[in-house]
A.B. asks: 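Just passing along the structure, written as structure tokens.
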Amino acid sequence: MPTVPLRDRAAWQALESHRAELGEVRLRELFAADPGRGERLTAEAAGIYLDYSKNLITDETLRLLVRLAEESGLAGHRDAMFRGEPINVSEHRSVLHVALRMPRGGSLTVDGVDVVAQVHEVLDRMAGFARRVRSGDWKGHTGKRIRNVVNVGIGGSDLGPVMAYEALRHYTDRDLTFRFVSNVDATDFVEATRDLSADETLFIISSKTFGTLETLTNAHSARDWLVSRLGTQDAIAKHFVAVSTNAERVAEFGIDTANMFGFWDWVGGRYSMDSAIGLSTMIAIGPEQFHDLLAGFHEMDEHFRSAPLPENLPVLMGLLAVWYANFHGAQTVGVLPYEQYLKRFPAYLQQLTMESNGKHVTLGGDLVDYDTGAVYWGEPGTNGQHSFYQLIHQGTRLIPVDLIGFGKSLNPLGDHHDILSSNVFAQAQALAFGKSEDEVRAEGTAPDVVPHRVMQGNRPTNVLLAEKLTPYLLGCLVALYEHSVFTQGTIWGIDSFDQWGVELGKQLAAQIVPELTSSTEPDLSHDSSTNALIRRYRRLKG
Ligand code: G6Q
């Protein structure tokens, strides 16, 4: 990693001057001056076409951003990740989610262990189990086949499974019902299970550490729910499996470790949907399609690893994110999929991006003197167009957005898909070029209304276009964002793979629980606000 602080790097300083020179560069002018721009500023890999021409950039911007990536040691840092070096410095761990999708027969040795062989061993066990559940060969305690699968997990052990299930619903076995319980709010568990028969229900307890309070609380309730309905502890063996790195705790909970699917500490929670954490996904879509998903991830990994930086999709997207965050002061990024099945994709990305790059110190522990990760958010189109898009079009903030569209619908019906897709292109166009005062006047608008209808344009977008949403494509898309996050984190010189803020939350709540549950008035020694809130809560709960 470079020793020169980010703001002192030559490329950073050149970008600062360049940004000042560019001033209020207009997309209308950039497009008028270069008729080929819309085809030139594009890149393609693994079935994803990226049109980044409607960004507030020139060729010089790109050249300087790529130079910044070079000066920041992006290629070296990427290669170190792929070699399994401990680039998660604050946890002294390798970061090897890329090994989870390496093809069988590949090899990656870390500390003398071939992790690819380990990965495929687990995948094979998962496949054997998934087939048995899907075929009805795996029977519940009363001899009935499993019809309901409930994944119990939170954060990285939930968001990937939920997102993938929703995204790939078209490919799932519709005879099986899938539910996901994450929140410790009992409503989540109660609503998810209220219409399920215990003798047909399988719980997958997904927790890397098997120590997360929310998941263990839900897992205990699930166990009570099952045992009270089936009348015996013996039922647990056929209705509970675990996904974890912690065999000891799994056994303590009462799940036979023969029914545990493992992974490793070099898989971060938010990078784990393609590990055993994806067991629910594999049961839903079957092992073959799960392997297609992994192949998509791998294809994008290879592109990230080998394509020259100026043609590298995740690098381009990561650099553009840096451009807006640090040189335009943008605080947020919208991700707007025009594909209903991707409705949970923005929520998934929120964790991936914000937990990874929401950091305030460099790898060396110094406070950063620049902004790091932006706030990610989004909803599927076209729904968002009838609510928050107004602020993107005519508000005062710069909000770069990614619009994701597909050539084919998975549910072709009349002209729905053409109408949907027309909105992708129309929105990108309107955001970029707006509507000038002259154009508004020419429409015969009353003079006093003209200013209200003017759209300044110059709102940057990336358009991502692919043929259709498949397991393979989903893998490509997730890996694209993973490596974009990596690119941003490398430039900012931060640890994108730890999450000490999350850990703090885990500790703090554990201290307060006894103060809420004790039958006698507890001695409180928090700040006055926390003490008062706890007292008020105790009165309210009665
Ligand atoms: C992800 C985070 C966090 C984690 C959850 C669940 O990168 O570490 O979201 O996934 O806190 O942790 P467990 O899987 O250990 O229950």
A.B. asks: Examine the side chains of E299 and Y472 and answer whether a donor and an acceptor come within less than 3.5 Å of each other.
C.D. replies: yes

A.B. asks: Ignoring hydrogens and angles, tell me if any N or O in the side chain of D495 forms a donor-acceptor pair with the backbone of S90 under 3.5 Å.
C.D. replies: yes

A.B. asks: Would the number of heavy atoms belonging to other residues, nucleotides or ligands and lying under 6.0 Å from CZ of R344 be above 12?
C.D. replies: no

A.B. asks: Output yes when a side-chain donor or acceptor of S275 lies under 3.5 Å from a complementary backbone atom of I277, and no otherwise.
C.D. replies: yes

A.B. asks: Is the closest basic N to carboxylate O distance between D498 and K359 below 4.0 Å?
C.D. replies: yes

A.B. asks: Heavy atoms, side chains only, cut-off 4.5 Å: are R101 and D301 in contact?
C.D. replies: yes

A.B. asks: Around E248, counting heavy atoms of other residues, nucleotides and ligands shown, do more than 12 lie under 6.0 Å from its CD?
C.D. replies: no

A.B. asks: Quick check against the 3.5 Å criterion: does N88 have a side-chain atom that pairs as donor or acceptor with the backbone of R93?
C.D. replies: no

A.B. asks: Donor-acceptor check, side chain of S94 to backbone of G84, threshold 3.5 angstrom: yes or no?
C.D. replies: yes

A.B. asks: Without swapping roles, check the side chain of T172 against the backbone of R174 for a donor-acceptor pair under 3.5 Å.
C.D. replies: no

A.B. asks: Do R147 and T177 touch side chain to side chain, with heavy atoms closer than 4.5 Å?
C.D. replies: no

A.B. asks: Check whether any side-chain heavy atom of M260 sits under 4.5 Å from a side-chain heavy atom of V241, and report yes or no.
C.D. replies: no

A.B. asks: Please check if any side-chain donor atom of T245 sits under 3.5 Å from a side-chain acceptor atom of W264, or the reverse.
C.D. replies: no

A.B. asks: Check the pair V119 / M102 against side chain to side chain contact (heavy atoms under 4.5 Å, CB included), numbers first and verdict last.
C.D. replies: CA-CA 9 Å; V119 163; M102 284 184 180; over 6 Å; no

A.B. asks: Apply side chain to side chain contact (heavy atoms under 4.5 Å, CB included) to the pair L168 and Y341, showing each step before the final yes or no.
C.D. replies: CA-CA 7 Å; L168 301 177; Y341 284 124; over 6 Å; no

A.B. asks: What's the verdict on ring-ring contact (aromatic ring centres under 6.0 Å, His included) for Y348 and Y481, showing C-alpha distance, side-chain angles and the deciding distance?
C.D. replies: CA-CA 11 Å; Y348 173 79; Y481 279 93; 9.4 Å; no

A.B. asks: Would you compute the distance between atom CG of D199 and atom OG1 of T201 and round it to the nearest 0.5 angstrom?
C.D. replies: 7.5 Å

A.B. asks: Determine yes or no for a side-chain-to-main-chain donor-acceptor pair under 3.5 angstrom, with T362 supplying the side chain and I494 the backbone.
C.D. replies: no

A.B. asks: Between E302 and R305, does any side-chain N to carboxylate O distance fall below 4.0 Å?
C.D. replies: yes

A.B. asks: Can you find a side-chain donor-acceptor pair between N246 and T209 that sits under 3.5 Å?
C.D. replies: no

A.B. asks: Quick one, M317 with L50, criterion side chain to side chain contact (heavy atoms under 4.5 Å, CB included). Give me CA distance, side-chain angles, the key distance, then yes/no.
C.D. replies: CA-CA 9 Å; M317 286 182 61; L50 166 68; 3.9 Å; yes

A.B. asks: Keeping the roles fixed (side chain from H141, backbone from I236), state whether a donor-acceptor pair exists under 3.5 Å.
C.D. replies: no

A.B. asks: Return yes if a side-chain donor-acceptor contact under 3.5 Å exists between S356 and R270, otherwise no.
C.D. replies: yes

A.B. asks: Will you find, in the side chains of S496 and N357, an N or O donor that is under 3.5 Å from an N or O acceptor?
C.D. replies: yes

A.B. asks: Any side-chain donor paired with an acceptor under 3.5 Å for Q385 and Y338?
C.D. replies: yes

A.B. asks: Kindly determine whether T530 and D527 satisfy side-chain hydrogen bond (donor to acceptor under 3.5 Å, both in side chains), including the steps that lead there.
C.D. replies: CA-CA 6 Å; T530 309; D527 58 276; 2.5 Å; yes

A.B. asks: Between S272 and V267 (side chain of the first, backbone of the second, donor and acceptor by atom type, cut-off under 3.5 Å), is there such a pair?
C.D. replies: no

A.B. asks: Would you confirm whether W138, through its side chain, and K238, through its main-chain N or O, come within 3.5 Å as a donor-acceptor pair?
C.D. replies: yes

A.B. asks: Taking atom CZ of R536 as the centre, report whether more than 12 heavy atoms of other residues, nucleotides or ligands fall under 6.0 Å from it.
C.D. replies: no

A.B. asks: Would you kindly say whether H526 and E515 are connected by a side-chain donor-acceptor distance under 3.5 Å?
C.D. replies: yes

A.B. asks: If you count every heavy atom of other residues, nucleotides or ligands that lies below 6.0 Å from H220 atom NE2, does the total exceed 12?
C.D. replies: yes

A.B. asks: Can you tell me how the ring of F486 sits relative to the ring of H77, calling it parallel under 30°, perpendicular over 60° and tilted otherwise?
C.D. replies: parallel

A.B. asks: Take the angle between the ring planes of F82 and H483 and call it parallel below 30°, perpendicular above 60°, tilted in between.
C.D. replies: tilted

A.B. asks: Check whether the ring centres of F297 and H97 lie less than 6.0 Å apart, and answer yes or no.
C.D. replies: no

A.B. asks: Take F406 and H417 through the test ring-ring contact (aromatic ring centres under 6.0 Å, His included) and record every step on the way to the result.
C.D. replies: CA-CA 9 Å; F406 293 89; H417 194 66; 8.0 Å; no

A.B. asks: So, H291 side chain and E288 main chain: donor-acceptor pair closer than 3.5 Å or not?
C.D. replies: no

A.B. asks: Is it true that the NZ or CZ of R223 lies under 6.0 Å from the centre of F240's six-membered ring and within 45 degrees of the ring axis?
C.D. replies: no

A.B. asks: A side-chain contact here means heavy atoms from C-beta on lying under 4.5 Å apart; do E379 and F345 qualify?
C.D. replies: no

A.B. asks: With no hydrogens and no angle check, just 3.5 Å: does a side-chain donor-acceptor pair link D185 and T187?
C.D. replies: yes

A.B. asks: Do Y165 and S280 come close enough that some side-chain heavy atom pair is under 4.5 Å?
C.D. replies: no

